Amino acid sequence: MVGAHSILRLAWRTALLAALFSAAGHAEDRSAPARPGGLEAKLQYCKTCHGLQGQGYMGYFPMPRLAGQQPDYIEAQLRAFIERRRTNPIMFNVAHVLSPSMLTALATHFRHLDPKPFGGAPRRSISTGKQIYEDGLPEANVPACAACHGVEGKGQNEIPRLAGQLYDYTVGQLTGWKKERGQGSAVDTSAIMAPTAHNLTRAQIEAVAAYVSYLQ
Ligand code: HEC
Ligand code: HEC
């Protein structure tokens, strides 16, 4: 659960970052002011949390990498936040005001960004993670991640890219899957991942999250 206190801290940090980034933006580029409510203004807002290159950001919460993410996946998740099938108060507030055409435009933008992975994950279990990623754990009913997310972790359509994703974010998603995703009565794409998330132990989650976090 996100407490009021942590939301306040986040709001404060966001305001601070927004002030810093807009000051930096003015210094670089005086020619193209972002029109309020337009795509550029929205993107600047996204990037105060998700990083200037969409590389993610480690704040009070981990802000996931969006760079190189599949547009279909981004759009599907924005809709899931809006419809509260995926419960996250921050992203609900961000997304529920966006028009359908804005959702599509935002989702497409991140596709071609390609910053280096954020890094910082523990390296001790990367080889275990690689093995889980490529071969799965047949004895625990865990399929190879690569079968769906691709050998390079780039994803496809509504299957997300995992390459370069923040370690803490991935660990959080896989350990909390049932509490945040696939909420409500309608079955959605989150159901495809639910058994896999459930069958991984904490140590296995940490290993595979570390492995994908370093994929370029
Ligand atoms: C105040 C900070 C903040 C802002 C601003 C923000 N986000 Fe987020 N976003 C988050 C956090 C935190 C999460 C992780 C939510 C979770 O843990 O489920 C997230 C998650 C997401 C996800 C899911 C990513 C994934 O891998 O599943 C998408 C897509 C997303 N944001 C898109 C956007 C877009 C587009 C914008 C701008 C319109 C935006 N965000 C603005 C904080 C923010
Ligand atoms: C049968 C196909 C399939 C397999 C196998 C699979 N996944 Fe997924 N995965 C998905 C789909 C589809 C989603 C999007 C779920 C949604 O819409 O919420 C997803 C989402 C995820 C996410 C959330 C990403 C984000 O940005 O929030 C993570 C993390 C993840 N998978 C990790 C793994 C790992 C690790 C493995 C292997 C142990 C694995 N997946 C195996 C299909 C698969």
Side-chain angles (χ1 to χ4, degrees), residues 2 6-7 10-15 17-18 39 41-51 54 56-67 69-81 85-98 102-103 105-110 129 131-137 140-150 153 155-177 179-183 188-197 199-200 204-209 211-213:
V2 179
S6 45
I7 292 184
L10 185 84
W12 157 243
R13 200 188 58 73
T14 306
L17 276 175
L39 178 61
K42 288 288 179 204
L43 284 170
Q44 282 179 15
Y45 179 47
C46 311
K47 291 174 179 181
T48 57
C49 286
H50 290 278
Y57 182 83
M58 197 53 214
Y60 194 79
F61 302 104
M63 316 290 168
R65 175 188 175 110
L66 299 178
Q69 188 52 276
Q70 297 291 334
D72 288 349
Y73 174 75
I74 294 190
E75 198 171 334
Q77 295 306 307
L78 290 172
R79 288 189 204 286
F81 287 126
R85 284 179 282 114
R86 179 170 174 181
T87 53
N88 184 272
I90 299 168
M91 279 307 301
F92 172 79
N93 283 333
V94 169
H96 83 280
V97 297
L98 303 172
M102 182 63 85
L103 290 184
L106 287 167
T108 314
H109 170 82
F110 293 93
Q131 201 175 351
I132 297 171
Y133 191 84
E134 290 175 355
D135 304 331
L137 296 159
N141 252 325
V142 171
C145 321
C148 291
H149 293 277
Q156 53 172 323
N157 306 321
E158 291 190 11
I159 302 176
R161 174 191 175 116
L162 302 178
Q165 189 52 277
L166 270 64
Y167 170 77
D168 295 87
Y169 171 75
T170 303
V171 171
Q173 292 303 305
L174 291 176
T175 52
W177 198 271
K179 280 177 281 159
E180 289 176 17
R181 300 178 76 143
Q183 308 301 303
D188 66 12
T189 43
S190 71
I192 301 170
M193 260 309 291
T196 299
N199 289 341
L200 289 165
Q204 289 161 350
I205 286 174
E206 289 176 0
V208 78
Y211 173 66
V212 297
S213 78

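Since this is a predicted model, take the numbers as computed values, not measurements. Counting starts at 1 for both ligands and their atoms, in listed order.
For ligand 1, none of its N or O atoms has an N or O atom of Q69 under 3.5 Å away. Considering backbone and side-chain atoms alike, Y73 places an N or O below 3.5 Å from some N or O of ligand 1. Residue-to-ligand polar distances keep R86 apart from ligand 2: every N/O pair is separated by 3.5 Å or more. Of the N or O atoms in R161, none lie within a sub-3.5 Å distance of an N or O in ligand 2. Every N/O-N/O distance between T170 and ligand 2 stays at or above 3.5 Å. At under 3.5 Å, a nitrogen or oxygen of R181, whether backbone or side chain, sits near a nitrogen or oxygen of ligand 2.
Within the set L39, N88, V97, the minimum heavy-atom distance to atom 16 (C) of ligand 1 is found for N88. When the options P64, A105, A95, G155 are ranked by their closest heavy atom to atom 14 (C) of ligand 1, first place goes to P64.
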Show the numbers, then the answer: is there a ring pair (Phe, Tyr, Trp, His ring centres under 6.0 Å) between Y211 and Y133?
-> CA-CA 8 Å; Y211 173 66; Y133 191 84; 5.7 Å; yes
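Within ligand 2, the atoms closer than 4.0 Å to a non-hydrogen atom of V208 are 35 (C), numbered from 1 in the order shown. Close approach of ligand 2 to V142 is summarised as follows: ligand atoms under 4.0 Å from at least one heavy atom of the residue are 38 (C). Per-residue contacts place A144 under 4.0 angstrom from the following atoms of ligand 2 (heavy atoms of the residue considered): 5 (C). Near Q77, meaning under 4.0 Å from one of its heavy atoms, ligand 2 places the atoms 16 (C), 17 (O), 18 (O). Close approach of ligand 1 to C46 (heavy-atom distance below 4.0 Å) involves ligand atoms 34 (C), 35 (C), 36 (C), 37 (C), 38 (C), 39 (C), 41 (C).
Remark: minimum distance from atom 22 (C) of ligand 2 to any protein heavy atom is reached at W177 CZ3, 3.8 Å. Looking only at protein heavy atoms, the nearest one to atom 27 (O) of ligand 2 is Y169 OH, 2.6 Å.
Within a 6.0 Å sphere centred on CD of Q131, heavy atoms belonging to other residues, nucleotides or ligands number 12 at most.
For the residue pair Q156 / R161, no side-chain donor-acceptor distance below 3.5 Å is found, with atom types taken as modelled. Counted by atom type alone, Q77 and R86 present one or more donor-acceptor pairs between their side chains at under 3.5 Å. In the model, H109 has a side-chain atom that pairs as donor or acceptor with a side-chain atom of K47 under 3.5 Å.
Neither the backbone nor the side chain of V212 comes within contact range of ligand 2; no heavy atom lies under 4.0 Å. Counting heavy atoms under 4.0 Å from ligand 2, residue Y211 does not touch it at all.
Within the 2.8 Å limit, H50 places at least one N, O or S atom next to atom 8 (Fe) of ligand 1. Taking 2.8 Å as the criterion, M91 counts as a coordinating residue of atom 8 (Fe) of ligand 1, since one of its N, O or S atoms falls below it.
For Q173, the heavy-atom gap to ligand 1 drops under 4.0 angstrom.
Protein N/O/S atoms found under 2.8 Å from atom 8 (Fe) of ligand 2, listed by chain and residue number: H149 NE2, M193 SD.
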